[in-house]
Structures are given as C-alpha cells and as structure tokens.
Amino acid sequence: MAPSRRQSNGRSPLVNQQSQITSFFSKKNSSSPSPSPSPSPPPLPPLAKHTSKLNPIPGPKPNPSRSPIPTTPSPGEPKLKKPLLVIGQSPAPTPSSPLNITFGDEVVDKRLRVYWPLDKAWYEGVVKSFDKVSGKHLIQYDDSEEEELDLGKEKIEWVEETTGGFKRLRRGGSLAFKKVVIDDEDDNVADSANEKSDDDDSSDEDWGKNAEKEVSEDADEEDMDLEDEKEEEEELEEEEVGMKISKRKGGGKTESKKRKANGVAKPESGKKSKISANVSAKEEFKVPSMEPVKKIETDKASIAADKALVVDELERFGKREAEKLHFLGPEVRRDANRKRPGDANYNPKTLYLPPGFLKSLSGCQMGKFYELFEMDAHLGAKELNLQYMKGEQPHCGFPEKNFSMNVEKLARKGYRVLVVEQTETPEQLELRRKEKGAKDKVVKREICAVVTRGTLTDGEMLSSNPDPSYLMAVTESCQSSTNQNEKRVFGMCAVDVATSRIIIGQFEDDSECSALCCLLAELRPVEIIKPTNLLSLETERAMLRHTRTPLINELVPTAEFWDADKTVYEVKTLYKCINDQSAAGSVDVGTDAANTYEDDELGCLPPILSSLLRAGVNGSLALSALGGTLYYLKQAFLDVTLLRFAKFELLPSSGFSSIAQTPYMLLDAAALENLEIFENSGNGDSSGTLYAQLNHCVTAFGKRLLRTWLARPLYHTDLIKERQDAVAGLKGESLSYALEFRKALSRLPDMERLLARIFASSEANGRHAHTVVLYEDAAKKQLQQFISALRGCELMVQACSSLSVILKNVESTQLHHLLTTGKGLPNINSILKHFKDAFDWVDANNSGRIIPHKGVDLEYDSACERVKEIESSLTKHLKEQQKLLGDSSITYVTIGKDSYLLEVPESLRGSVPRDYELCSSKKMDYAFLSCNFQLGCLDLARGCRCVMLGFFRYWTPSIKKFLGELSLAESEKETAFKNILLRLIGRFCEDHSKWRQLVSTTAELDVLISLAIASDFYEGPTCRPRVLGSSCSNEVPCFSAKGLGHPILRSDSLGKGAFVPNDISIAGSGHASFILLTGPNMGGKSTLLRQVCLAVILAQVGADVPAEQFELSPVDRIFVRMGSKDHIMAGQSTFLTELSETALMLSSATQHSLVALDELGRGTSTSDGQAIAESVLEHFVHKVQCRGMFSTHYHRLAVDYRNNSKVSLCHMACQVGNGVEGGEEVTFLYRLTPGACPKSYGVNVARIAGLPDSVLRTAASKSREFEAVYGKHRSKGSEDKLPMRSSLDEMVVFIRELISLTRLKTCEEGTCIRSLTQLQQRARMLLHQH
C-alpha cells in the first residue's frame, strides 16, 4: 500500500508530480535552478519555447515587498542535478509584472510564464487572444491546454524572443532517433525527449556545493493506493496478445483544482518534485549552427552516447523482464488453460499469469495520455519514436489528440492494437463504492477497441488513400470428382469496415484455386481470417502468392469460425435486437432496397443472406465465412455497428465456372498482374497502369467504383452500349457542364466513409460508448463530421441538379436515369431543408454546440418552456414581494452558488415575515442624508447627518419551491440539450438508403466523366468501339482494329520516336482465329499482346480506345501468359508457374475467350519447349477455337503452320544491316507485318546490352552453327510429314499427361524423375516425327 498523503490540485497522488510522467512529451526548458532557496528563474535559452506546462520551470524571485514563498525540495530530488551547459549568453528574464496592471491586445501572440502556486512552478505558453468584455486573455500552454486569465492579477513573466538561435548541449542521443540540432517544435509532443528517472541518478554526479537534502513524505497524507487486484485478476487472467494502449491523466482544465487566484499554495505531496534542473541522459545534443563547433565531433559524441544509452536501457529492462516476467520465456510460456506452444488446442491469444504476479501490480492514474507498458513500450519507442518514461518499468505514451495518427501507424505496420479506455469517472466510482460496497480504489478501465489494418475506420492515411482495406474470411471444402481432379468449394466474405460494405459468396474452383486467386488479386485484402488447420496446402499457397503480406488471423473452427447454423442464429439474433431498437426509437434500418429484411420465425435477414440460407449446401460455406468475420469483428466491438447499416453484395464470381451467370468479363490473377491493371511490376504502385490512365475521378468513392469497373468489365452487349451512350453524352456540348460538376465535387470529403462513420455513431459502442471518458471534445468532432456530411449531401444534390440540364440534348437512358429525381437521384431536398432549418450550421461548426431552432426538437422545446414558466413565476413572485413590503427596490441577487436571493433593505427588516430564511447580509459604506446639493442648503465642510445602510437576503418558501423546480427543469433541459446531436443523427440515419443512393449516383457520374475525358490523354486518334452482338452461339467472334495505339504508352515516355500504331484482325470473316507472332528480340511482340488485351478491356468498360476503327465481339475472359517469374515461397519454379497458368487456359477457355501467350515453353529445353508450345497452340486452334495471339522464338512453329488457314503468321518488322566486323545490326520498326521472321537476332540484343566484342563474335559463330544443325527448313520429302491428326492427338495426350504430373501434390522423388524422363523421351520422339 502506498503511504498516506493528501491529494492536491486534482492530480494523481500516487506518482511524482506529473512532469515526471509526461516530461518526455515535450522539449524541456534547459534552465538550472538558483542556488538560493527562493524559486528564481535562471536565464532561459531560446528553446524555452518547448517547455511544457507539465514540465514546470522553477519559480521566480518573489517581489521584495512581499514575503517570499518558501520552497521545499521533494524526496524525488535528493540532490541538485548538473546545470545545463549553454553556449553563449542567455537573455535575462523580464521582471515579474506587478499585480493590478492591465494588459490588452498589445500582448497577443507574446510568450510568457505563469506561476502556479499549487505546483510552485512556472509554466510557459503564449497569449492567443484577448476578451475585451471580461478583460481576460486566453493562454495556451505548451502542452496545448488553454486557460483564461486576468494577467493583471497573476504572477507572470514575459519571455523575450531572441534570434540568436542558441542551443543547449545534451549529454546523449535519443534512443529512437539521432538528430543533432532541433529547431522546430515537434507537432507530436509524445516524440519529444524525456528526463531520466529521479530514482536512477547514477549518471548524475553531485556537482558540489548546492546539494539539497531529502525531505520525507508527509505522514498525514491520504492513502491513495490505486491498485485494484480484483479487477486486474479478471482482466489479466486471459489477456489478449497485442499492443495495449491505456490512458493516463495529465491534469484537468478546472481552474479551482489546479490554481488559486490569490497565489497562496496548498501543501503538496511529498513525491511531487521539481525536475527542471535534471539533465536527461536520453536527451539529444543541441548545438547552435552559428557557433564554431565541429559537427562531426558532435555527431561522434552523440552516436557514442546513443550506443551507451541503448546498452544501458536494454540491460536495465532486460534484467527486470528476466526477473519479473520470467513466465514469458518460450520454455515456460502457457496459455490461459496452461497449455504449452505445440500442445493441441494451444491458444496463442491468451497468456497464463502466475497469481503472485497479479499481487505485485500497482495502479497508475491515467486519463489524458495513452500509455504503452512493458514489451509494448519497446514497440512504441521503435515504431512511433516515443521516449521511455522514468522508472524501472518500461513505458511510454502520447497525448489523446495524437490517438488516431499513432494507432493508424501501428495498425499499418501490422500490429494489433488494444485500446483500454477509462469507463468510469471518480464520482461514479465513489457512488459505486457507496451503493455496492465495492472496495475498488481505482476507476474502471476496459478494452474498448481492437484496431488492425482491416478494422481501421478513421485516420490521416485512410483519409488520403481511397483504396479499400478489405478484411477477408475464407473457408473451404474439397470434393473428389470422377476424373480424379479435386473440386474445391470456397466460402468467402470480404468486409470494408470503413464503408460498411460486405461482399459474400460461394463458388466452385479448380485444383489450382484459380477463382480464389482472381478474387485475391482484385481485392488485395489487408487482413485474412481463416479456420485453423482447415484450408488445403494449395489454398494456403494461393493466398501467399496473390496477397501483399496481409495480417493472418486463425480462428478455432465452429467455436470461433462459426458454421452456417451458428452464423444464422447469431445474425438473426442481432437483427432482431436491431429492429426492436429501431421500433422503440426512430431509426429505420429496413428501407434500403439491397437490405430489405425478410421476416421469419427468429428474426430478420437481408435478402442476400436469405437466398444463401435457402440455397442450403450451396450457401453454407458463404454463411460460415460470414460467421468467422462476425466473430472477429465482435472482438473489435464492430459487429453490431457494421450490421446495422451494412451494404450486402453477392460475390459476382459466385458460380465462377458458368459465364452465363455473370454479366462481367473475368480477369484472373495472371491477367490483372501481367497487364498491370492496378499495380505495375516495378514497385507495385499504380503509376503506369491502366487504372492510373483512366483515373480522372475527383471523389474518393468514384475512384473506388472505377477500380470495380476495371476489375469487372461488362460482357453483355446491351450493357456495354448503354454505358458507351452515357460516356458519349458527357462529351461535346455537355463537356463544359461535366467539368463544372467535377469542379464542384472536388471539394467533397470521402462521403461514403463519412456516412459510414455517421451511421456507426448512431449506436454508441466500443470506444464511442457512453461510458468511455474522453478528455478531448469528442462531441464537437462528431458534430463537425455530421455538419460535413450534411454539407456534402447538399453539394452533391446541387451538382447533380446543375448537370441535369444536359438531358435535353442527350439520349442516354443511363444518364436520364441517374439525373432524374425520384429515379437514380433520390428526392432529398425536403430532408435537407429540415436539417437546414433545424440549426445554424456555421455557428454549430465553430462552437461545437447545437442550438436548435424552435419546433425542431420537441423534447428540448418542452424543457425550455418549463424553465421559462418557472422563471416567470419567480418574476411574478418578486413583484408580489415588492408590493407586500412596499418597496420597489427589492430585487433578486445571486451570491456565489445561491441564486434568486431576495435582497431587502435593512430598513424593512422588521416587515419581513418570519418564515423567510435569512441567507446572508451586506453592510454598505456611509451614505449622506439631507444633503440637497442642487439647492445648496448644506455644506459638506460643516458635515451632514449620515447613516449606515445594509441589505438582508432571504429565501421565501415559494422561492425555495421554485428553485427546486427550476433545478430539475434545467437538468432536464441540459439532458435534452446534450442529446440533440444524437437525435438529429438518428433522424439522419432514417434515410440512410437515400444518402447512400445519392453517393452511388454521384460516384457513377464521376466515373463516367472520367472515362469521357480519358480519351483526351491518349496519343493519336480515338474512336468509339463497335460492339457486335454475341447472342447467336453460331456467330464467329471477331476482333479488328485499324491504327491501334497503346492506351498507356506515349511518345514522350519512349524517349526517341513516336509509338507506332498497328492494324490487326483476329477471327471474323476471312481472318484466322490465331496470330502466330515472331520477330526479333525487343521488337515489340509483348507490347502488341498487352496492347490488344488492354484495348479489349477499355472497349468493354465503355470507354473509347486509341484507334481509328475498332470492332469486336465481347470477350468473356482474357487469359495472359507473359513474362518469366516463379513462386518459390509457394514451391513453384518458373517453368511450373508457366505451365500452371497454361493449364488454366486449356481447361477454362471458351470460344469467346481471348488468349495471349508470350514465348510459351522457354523455361525448359528447346525440344521440350517447342513440343509443348506446338501442342498447346494446336489445342486452342482446333479444340477451343478461340481468338488469340501466340508469340514465339520457335521458328519451326511458323514452318509447321504456314499452310494452316486458322493460324495467321505475322512478325514485328525490322531492318537488318551489317554491323562492326560483319555482325548484324538490327533496326526495330515495330510494325506488324504478314509472314514469319527468319530469326530472332538475339546476338543484337547482346550487343545492345554491352557484352564484349569477343563474346559477341563467338556467339554469332555459334548461332550460325546451331542454325545449320537445328534448321528451320525441312527436306522436300518431309513436306508430306506435316503433323497429321494422329500426331496431333498424340501431342494433346502428351501435354495433358505433363500437366497432370505438375498438379500432383505428393510424389516420391524417384517416381517424379522417372516420369519426367519418360515424357522427355516422348517429346523428342514426337519432335523427330515432325
């Protein structure tokens, strides 16, 4: 138990003065104390502006005319610390201003020090403003706290601003960072340097003569031990593994608790010590740039001190952790059930704490600062550059205002952050102790939020990055089919918490998890939830290959990752509670068309969930995935908040194998990556991608919709033409209106996310629960967000209305639907008018309080009327008293907290009824009587008759009755006033479907305008694609482009020359369905393949394409095999990756697909590679009969297919000349030309790459030898031996066997080698037969 002590000035009596806890939060004043007992401030360097109010400066010398205030050193300060070494002379302080001197606007923006008698310390700040009415100045201290003061009545000193830039030297470097000179105050006060512990002063020598004696603590201080064993045992027995952030108190704003206006100090806790003289071993060296100090030497000293500090802290904390936290060691660590790592059902999310450890814990008063303890403190120092606080226990922290920024940083770096909030005030604690007899001595604190990458809902980076952050749950079921291939069935649920969007579905997949890979590549989840030990090895590999290091969460099947039945029960229960609350209140959650709930025996479900429930087995895995998601979100206090206004969407790839079930073109993971739709292959960002080329959206929610459109281009002809009409309708005469629309929307915040936060705030939960004690003005922030949402909705309505004038000249049905009120554009003018008339938006945004207009809030109006009635009754009662006592001067006065005191002159005291309660009296100065100065009848020099006048103040029985009623009425008024914002938000949420529809319409218009203006950024001519119908299955699909350019590459990015457009025709009347493309290395073959695929995507998105003419039949799926890459972490070599993608093409391509194969077979020997390439090409040409392009350096293929009408031989043209010493020098023409190219000219590329001439000569000679032996020409007799149908069938069988071998999960090494050897021999035999 802590020794007894008195509580002083409203701060925690357990610890030393708050400066000891929070001193590291700001850059401290480097002044040293005066040797004399009087608290005189020493000269201050310019860095004194960094001094925080929580780091007090020693007191000033008292006025000689007044008695000095004695100061007593605290036990926490056993001896004087080293004075700081200051280079150059510091300016002398301005003398203390005398009392009763008036100041006005002339001191605004000046810095000063204010003496706080209770702390016996000086705090620095700046004068922000002056109120002429009250005569007070608003002072903002360096820790961002504000206070209104009458400077004429305070003990202050003015801080002179200097331009010399003198810096103070520090004896060590910061643990987290090594800066030599600090010139500007860090905005994050938590990143500032802190002081070394008073308890550990081994590094501070006694500098001699000014040592102070230790003073024992006061024996009569109140016992304020803050440990709470019972609560901590309950909370810590099963502690979640994650970074815990708790909040501590840094002092309130209430003046009465912190200072006395008369300057008389109360006795302080003995542990509250001055620290301004301490020189921290953790502080940084500071040198003035103007001084002749060698920076290199300073750097060396700083680095050396830094290293010593790190070693010292690691030793200090490491030794403590080894002794006190021994149970964390890997050899003794156990979970809550005392299971060891490696045991069955071991739960790494819990930790067993020995009973003795709990008893050794002590509490800590917290409130305005979030703190991290033990191992979390090390992470805070490492990741957030926070500084350790003093003491043996490692801990650090930051102020509440930096919460969002720091928590987001930790979450983005992959940490799971547990936020512990204070959920009880001291008054509530005292009431609980009285009513329930609780022995608790500390206020309650609870985990109120769990923040991860996937559960972020607010933050600076989230606001600046429009890309969604999906939390995805995946579950799986494997089924064996008749052809020995496993069919996988996946259930998936992806949640974007920031927008309350839930995508759910169930689909079949192949053994390579192609559909799952497609979803992972499209959504790029930042966090994945999966059932423990349930997913197959192939699924795990797919998740590893197609994600970007997401946070992985494993849940116990059934118990945590719920099955379908458990999920349905939990969801029905939740929605039943939500609907019951809505019925009791005013919020309607069932008006959204997508979320119209259906009643059943247990509750209500959205239609998408109802359809999955009715699907039985075909929807059970999807519901299970939803269950895993909800369980996880429940731990983060987001389940109810999310479901209340969730937007459910059925996964478009549900029924992945059947293209008829989806209106979209399918782009698998390989296509998205190889074509660089969203991410480039260089650094993974969006520069140089198709998304970046088309992204001219001005709204964040428009950018997200564009990503969705690009990931899912349209497939049905009518939908494509409808979107093309809409894009065309925004050009020409309508373009100026479209640009005005964009200009108006550019001021919008992210309305989709903002509305989701507003909807979530209507249900107090988690960190925003009513019980959570926040010291920042959370209500003001919530009000400002609400007003921002209202203004945003108003702006969207105005912008859409202005754009609707184009409808008279536009025939697009889509634009007419979007811009017609009551259809795509919701009719919300009356709703906006209601909120516009409800209160003054500007005044409320500035003041943070809503003053509702009359008639808006009936509860508040009723409370106001009741207060007015009582006040009117009091006024009437006053007149009755004046009449009763016969004196109209009788009035009401307020003295202190006593109001409506009936002030009666002393002369009428005898007339006052006896039942009046005398409350106070007042004696007045002498008043002269009978002095008629106008008549001059008396002379003051001769004296006048005078009397002493006085007043007596009473409460009548009626006044006491009215005061009781008034107090109750004002309390009801205040309660109604506080709840006005919540009621307005509830009213706003009633129309949540209309607000979301407005955002959806605005986003769609934003994307359509972006597509309309994107064509201006192409190089060369553009055209609207002509899309042919695909309704007739017998119709031959076609692709034809004239003057086709590249949608991304431009001449200015190519360095030399212009991009060469090409004419290309695939399939259709008179054209081959496949192009066999040859040509020199670097001749542009891969570029042409990408160019064609990107143009098809553009056409089916609805945009114009860079071509003179463009015609195509819709493509249901694009397959791309391009580039060489491996997936070593997934156990796949380069060649295996190549063949796996090829296998997916062979099994999934249809007649309406587009295939782009780039140099298939190069990952193995020439003979094997050519055999595989020819077999695959044969399968696509004769079996699938789809459109495609096949680029290759196997020139024998060109010979084999020169007479095949279904294959068109083309090459990328070049000119070959004689180079140095007889070598070939190639000039690339980048022109698609009929016919085959005779060779690849690889030696030319070697020359460009800079290989030595000797190597080039040898390579050219070897190349000629190989060509002579290998040969691309056949003898005349071999012409009759071109591949016949039997040979083709053999090749097809061969390639299928090879692909089957690559799919084997388990294969003994010897068996695999033998099988591969046999296939290699067969490939050689087939090659020789040809």
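- Judged purely by distance below 3.5 Å, without hydrogens or angles, the side chains of Ser511 and Glu538 never pair a donor atom with an acceptor atom.
- Remark: side-chain polar atoms of Thr573 are paired, donor with acceptor, to backbone N or O of Tyr569 under 3.5 angstrom.
- When all heavy atoms of Ala670 and Val1120 are compared, the pair lying nearest together is CB-O, 3.8 Å.
- No side-chain donor-acceptor contact under 3.5 Å links Ser500 to the backbone of Ala756.
- Between Ser514 and Leu1144, the shortest heavy-atom contact is OG-CD1, 2.9 Å.
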* To do: List the steps and the verdict of side-chain contact (heavy atoms from CB on, under 4.5 Å) for Met543 and Leu535.
  => CA-CA 10 Å; Met543 292 168 61; Leu535 301 184; 3.7 Å; yes
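- In this structure, the side chains of Leu544 and Glu540 stay at 4.5 Å or more apart for every pair of heavy atoms.
- Contact of the Thr475 side chain with the Leu534 side chain is registered, since non-hydrogen atoms from C-beta on lie closer than 4.5 Å.
- Phe648 and Tyr575 have tilted rings, their planes meeting at an angle from 30° to 60° on a 0 to 90° scale.
- No donor-acceptor pair closer than 3.5 Å links the side chain of Glu722 to the backbone N or O of Thr813.
- Residues Thr455 and Thr452 have side chains that bring a donor and an acceptor to within less than 3.5 angstrom of each other.
- Between the side chain of Arg416 and the main chain of Val450, no donor-acceptor pair closer than 3.5 Å is present.
- With hydrogens and angles disregarded, a donor-acceptor distance shorter than 3.5 Å links the side chain of Thr532 to the backbone of Leu555.
- The CZ atom of Phe645 lies 5.5 Å from the NE2 atom of His992; values are rounded to the nearest 0.5 Å.
- At a threshold of 4.5 Å between non-hydrogen side-chain atoms, the residues Ser1148 and Arg1117 count as touching.
- Trp709 contributes atom CH2, which lies 13.5 Å from atom OH of Tyr691 (distance to the nearest 0.5 angstrom).
- Classification of the His1152-Tyr715 ring pair by plane angle, with boundaries at 30° and 60°, yields perpendicular.
- For Asn553 (side chain) and Tyr632 (main-chain N/O), no donor-acceptor pair under 3.5 Å exists by modelled atom type.
- Here Arg524 pairs with Glu673 in a salt bridge; the nearest charged N to carboxylate O distance falls below 4.0 Å.
- Scanning all heavy atoms of the two residues, the minimum distance from Leu621 to Gln506 falls at N-OE1, 2.9 Å.
- Exactly one residue among Leu609, Val568, Leu612 makes a side chain to side chain contact (heavy atoms under 4.5 Å, CB included) with Leu626. That residue is Leu609.
- Here the shortest heavy-atom pairing between Ser620 and Ala564 reads O-CB, 3.6 Å.
- No side-chain heavy atom of Asp509 sits under 4.5 Å from any side-chain heavy atom of Glu476.
- Among all heavy-atom pairs drawn from Arg707 and Phe678, the shortest one is O-CZ, 3.3 Å.
- Applying the side chain to side chain contact (heavy atoms under 4.5 Å, CB included) test between Ile502 and each of Leu630, Val495, Leu471 identifies Val495 as the sole match.
- Here the side chains of Ile720 and Gln1100 are in contact, with some heavy-atom distance below 4.5 Å.
- Taking CD1 of Ile503 as the reference point, atom SG of Cys493 lies at 9.0 Å (rounded to 0.5 Å).
- No donor-acceptor distance shorter than 3.5 angstrom exists from the side chain of Arg548 to the backbone of Val526, with no hydrogens or angles considered.
- For the residue pair Asp510 / Ser1147, no side-chain donor-acceptor distance below 3.5 Å is found, with atom types taken as modelled.
- In this structure, CG on Asp565 lies 10.5 Å from OG1 on Thr558, to the nearest 0.5 angstrom.
- No side-chain heavy atom of Phe1039 sits less than 4.5 Å from a side-chain heavy atom of Val1115.
- Across Thr567 and Gly627, no two heavy atoms sit closer than the pair OG1-CA, 3.1 Å.
- Checked by atom type, the side-chain pair Ser1153/Asp1116 shows a donor-acceptor distance below 3.5 Å.
- Under a 4.0 Å N-O distance rule, the pair Lys349/Glu560 qualifies as a salt bridge.
- Contacts of Tyr470 classified as ring-ring contact (aromatic ring centres under 6.0 Å, His included), with partners at least two apart in sequence or in another chain: none.
- Checked against salt bridge (charged side-chain N to carboxylate O under 4.0 Å, His left out), Arg704 has the following partners two or more places apart in sequence or in another chain: Asp750, Glu752.
- A salt bridge between Glu508 and Arg488 is absent, with no side-chain N of the basic residue lying under 4.0 Å from a carboxylate O of the acidic one.
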* To do: Check step by step if side-chain contact (heavy atoms from CB on, under 4.5 Å) holds for Asp639 and Thr629.
  => CA-CA 9 Å; Asp639 54 335; Thr629 305; over 6 Å; no
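- The salt bridge (charged side-chain N to carboxylate O under 4.0 Å, His left out) check on Arg712 picks up Glu522, with sequence neighbours excluded.
- A salt bridge is absent between Glu527 and Arg453; no separation between the charged side-chain nitrogens and carboxylate oxygens falls under 4.0 Å.
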* Using the side-chain contact (heavy atoms from CB on, under 4.5 Å) rule, take Leu1154 and Cys1186 through it: C-alpha gap first, then chi angles, then the decisive distance, then the call. => CA-CA 7 Å; Leu1154 175 64; Cys1186 61; over 6 Å; no
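- In this structure the side chain of Leu1011 reaches within 4.5 angstrom of the side chain of Leu694, judged on heavy atoms.
- Between Thr547 atom OG1 and Met472 atom CE the span is 9.5 Å, to the nearest 0.5 Å.
- Side-chain contact between Cys518 and Leu666 is absent, with no heavy atoms from C-beta onward closer than 4.5 Å.
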* Full working for side-chain contact (heavy atoms from CB on, under 4.5 Å) between Leu1112 and Val1027 -> CA-CA 5 Å; Leu1112 88 159; Val1027 182; 4.3 Å; yes
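- In this structure, CG on Asp668 lies 12.0 Å from CD on Glu512, to the nearest 0.5 angstrom.
- Side-chain atoms of Gln997 come within 3.5 Å of backbone atoms of Gly824 as a donor-acceptor pair (strictly under, hydrogens ignored).
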